[in-house]
Amino acid sequence: MCGIVGYVGPRQAAPVILEGLKRLEYRGYDSAGLAAMNGGGIDIRRDVGKLRNLASLCEREPIAGCTGIGHTRWATHGAPSERNAHPHLSDGGLVVVVQNGIVENFVALKAELSAEGAKFKSDTDTEVIANLIERFMSGGLPLEQAMRKTLSRLKGSNVVVAMSPRDPGKIAVARIGNAGGVAVGLGEGETFIASDVPAILEHTRRMAFLESGWMAIVTSEGAAFGTLDGAVVQPEIHSIAWDLVAAEKGEYRHFMQKEIHEQVRSLTDTIGGRVDFQTGQVSLADLHLDEALAKRIKKIVIVACGTAAHAGMVGKMMIESLARLPVEVDIASEFRYRDPLVDENTVVLAISQSGETADTLAAMEEARKKGAILWSIVNVIGSQLMRSSMGWITMQSGPEIGVASTKAFTAPLIDLYLLAMRLGELRGILDPGRLRELAQDLARIPDLVGRILEREGLIEVLARKMRDTSHCLYLGRGINMPIAYEGALKLKEISYIHAEGYPAGEMKHGPIALVEKDMPVLVIATKDQWYDKMLSQVEQAKARGGYVIAVATDGDGLIAEKADHVLYVPECPWLLSPVLTVLPLQLLAYHIAVLRGCDVDQPRNLAKSVTVE
């Protein structure tokens, strides 16, 4: 969603803000802008399209000032255009605002302000915020108090950042609801604001994060934190350990390609320090899971969206198999609308790369109200999801820049496997011998992943054959059924080819009607307990003229005789096979998208962190 960067300090703000916004391009946007306080006024530059357009504008028309805010917008109210781009200036020029979120009652507020004479210059809801703050400041209130009174009038989840020449050298930032994260970076004689850590990581590693209902007043000397009711709060100051190089492409053509190849490292880091390979014991310290809690739990409900939901589907089979504990998987956007049956003996486990996904946060809030135990698997340390959980597992993936998630899909698969092992041990299901066996299986995964990534050239050959296809069908069974969903999602979201994933057993219940001559049908047919069933699906697709591509186990000559093309993966235990089988599908989608000339890292209409419902 929208990217936000703010700066107060001795330097010119515009270059700092532009560089920060550049590091947030992965979030997806349609326009960009920045504002700086210059003497007694506010200068604004905005442009539609890519950030480079704004940078060029600032070169032609420089903008001066040491206090500033910037924004990359993903349209919610009003079409992408210069007039709708942020920042937005109040009618009287007293306040400038950027926002992430939706003002649900903006129509009523706009009518109220218009009746008082305010003139609006855009189609956005954000202008309402600027004009409300101005109204209260015109009545004599300082920026901080005007911000509080304004936010009390808003309905919906929002992050609001505002500044005014009446309060020079100061930026107010507030968060209400689950509209995305806010990091306040504490430097030496300068302070930063960002909607995501990579934007300001090169300047400082000391950061505090705003909770919902908090506001910070930021100056060059630091930040004062409080609630919207005026109470002073002291947030925890985090030291962020990410290497800035991890946010750069390096030798790769796109971030997505880099992140696919980073999976050897990310999986190694995810496993590292958590498994004793001699005893098989697993340590998940931040989960606060002991034997009493493990035996008290009656059910786990996994809530997630998109790729994270597919990871949850795999995790369901892992946990049910190893811990013999019932698991449900809910799409987070639906969870709170069905009065879910959870209680104090239910774990609600949320999975999210960003930790700021609005639907997932809302699902967790619903579970909290019902007294459930709240856990999360999350990549971004200090995110709202992590802070709202009673226990958590961090993915250890590092920054994921590409919109289409890859390494932040496989890392939670390992996290879920570790959770299943720990629960199985504490519940008395897994004996020491079985634990050691499972740990040894896990130890092989990074090497097996590396072997598959070495075969990228072979996958690119297939991509050339598929680049002009219009439709594609993905089929899987058992633990690889969610991989069919995920493979189809990857193809459609970055190449714009229509693709559908289905349980293979559902083939004759409708999807088989789609199969025609030369239509690609991808089947996941590794040597597992569902292998014979998948061979049958290959036969059925071939009989109707489909072009069958199989993801299969190394050395399987039988499937090579039946399928038109085979993508081989090394043999591995079935519980961990999704970590391997998804890799060829990630690479295939990537190379098809590149060959079709698509914007791989920033697909149209998509954003990295979906922070509005």
Side-chain angles (χ1 to χ4, degrees), residues 1-75 78-89 93 95-100 121-122 124 126 130 161-165 168-169 171 185 187 189-196 198-204 218 220 244-245 247-249 253-255 401 599 601-602 604 607:
M1 287 298 293
C2 307
I4 294 173
V5 178
Y7 174 78
V8 187
R11 292 188 270 174
Q12 288 295 309
V16 176
I17 291 168
L18 284 169
E19 184 59 33
L21 291 176
K22 184 177 180 182
R23 297 190 186 283
L24 297 181
E25 285 191 290
Y26 64 89
R27 294 172 74 100
Y29 64 100
D30 51 53
S31 57
L34 63 87
M37 281 198 282
N38 185 11
I42 297 171
D43 285 340
I44 296 178
R45 302 289 183 270
R46 304 183 302 194
D47 211 336
V48 72
K50 294 295 185 182
L51 190 61
R52 60 177 174 266
N53 298 340
L54 175 63
S56 297
L57 175 61
C58 291
E59 288 180 7
R60 298 191 304 271
E61 302 175 23
I63 182 168
C66 297
T67 302
I69 55 178
H71 188 273
T72 51
R73 175 181 186 256
W74 194 54
S81 64
E82 188 278 332
R83 71 190 295 268
N84 289 329
H86 295 213
H88 287 285
L89 193 64
V95 178
V96 65
V97 166
V98 298
Q99 173 214 9
N100 183 4
K121 308 174 189 69
S122 77
T124 70
T126 308
V161 186
M163 61 184 189
S164 170
I171 300 175
E190 57 186 357
T191 310
F192 308 83
I193 298 168
S195 52
D196 208 350
I200 56 177
L201 192 58
E202 69 172 306
H203 304 295
T204 181
V218 174
S220 61
L244 185 60
V245 175
E248 303 296 340
K249 291 179 192 172
R253 185 172 175 183
H254 298 94
F255 281 115
I401 307 303
D599 190 344
D601 287 333
Q602 297 174 48
R604 67 189 183 203

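Just so it is clear, the model here is predicted, and its values are computed rather than measured.
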Locate the shortest heavy-atom distance separating Gly33 from Pro87; write the atom from each residue and the value. C-CD, 3.5 Å
Looking only at atom types and distance, does a side-chain atom of Arg45 sit under 3.5 Å from a main-chain N or O of Pro62, one as donor and one as acceptor? yes
Any idea which heavy atoms bring Gly68 and Ala13 closest together, and the distance? N-CB, 3.7 Å
Least distance between heavy atoms, Glu190 atom then Pro10 atom: CB-CD, 4.0 Å
Result of checking Val96, Val8, Val218 against Met163 for side-chain contact (heavy atoms from CB on, under 4.5 Å): Val96
Determine, stepwise, if the pair Arg253 / Asp601 fulfils salt bridge (Lys or Arg N to Asp or Glu O under 4.0 Å). CA-CA 10 Å; Arg253 185 172 175 183; Asp601 287 333; over 6 Å; no
Write down the atom of Ala14, the atom of Ile63, and the distance for their closest heavy-atom approach. CB-CG2, 3.5 Å
Is the backbone of Ala32 close enough, under 3.5 Å, to the side chain of Arg46 for a donor and an acceptor to pair up by distance? no
Should Asp47 and Arg52 count as an ion pair when the cut-off is N to O under 4.0 Å? no
Where do Ile171 and Tyr7 come nearest, in terms of heavy atoms and distance? CD1-O, 3.7 Å
Looking at CD of Gln602 and CG of Asp30, how far apart are the two atoms once the value is rounded to the nearest 0.5 Å? 11.5 Å
Glu202/Arg23 ion pair, N-O < 4.0 Å: yes
Would you compute the distance between atom CD1 of Ile200 and atom CD1 of Ile17 and round it to the nearest 0.5 angstrom? 12.0 Å
Nearest 0.5 angstrom please: Thr72 OG1 to Asn100 CG, how far? 9.0 Å
In Å, rounded to the nearest 0.5 Å, how long is the span from SG of Cys66 to CD of Gln12? 4.5 Å
Is there a donor-acceptor pair closer than 3.5 Å between any side-chain N or O of Asp43 and the backbone N or O of Ala36? no
Using every non-hydrogen atom in the two residues, find where Gly41 and Pro165 come nearest and quote the distance to one decimal. N-CB, 4.3 Å
Do Thr126 and Val98 have side chains that approach each other closer than 4.5 Å (heavy atoms only, starting at C-beta)? no
Between the CD atom in Gln99 and the OG1 atom in Thr124, the distance rounded to the nearest 0.5 Å is 7.5 Å
When rounded to the nearest 0.5 angstrom, what is the spacing between SG in Cys58 and CG in Leu51? 9.0 Å
Would you say Ile69 and Leu34 make side-chain contact, with heavy atoms under 4.5 Å? no
Fit a plane to each ring of His71 and His86, take the angle between them on a 0 to 90° scale, and name the class: parallel (under 30°), tilted (30 to 60°) or perpendicular (over 60°). parallel
I'd like to know if the side chain of His88 reaches the main chain of Asn84, judged simply by a donor and an acceptor atom lying under 3.5 Å from each other, with no hydrogens or angles considered. yes
Can you tell me if Ser195 uses its side chain to pair, donor with acceptor, with the backbone of Ile4 under 3.5 Å? yes
Report yes if the side chains of Val5 and Phe192 come closer than 4.5 Å at any heavy-atom pair, otherwise no. no
Run the side chain to side chain contact (heavy atoms under 4.5 Å, CB included) test on Leu89 and Val95 for me, step by step, so that the C-alpha distance in whole Å, both residues' side-chain angles and the decisive distance to 0.1 Å come before the verdict. CA-CA 6 Å; Leu89 193 64; Val95 178; over 6 Å; no
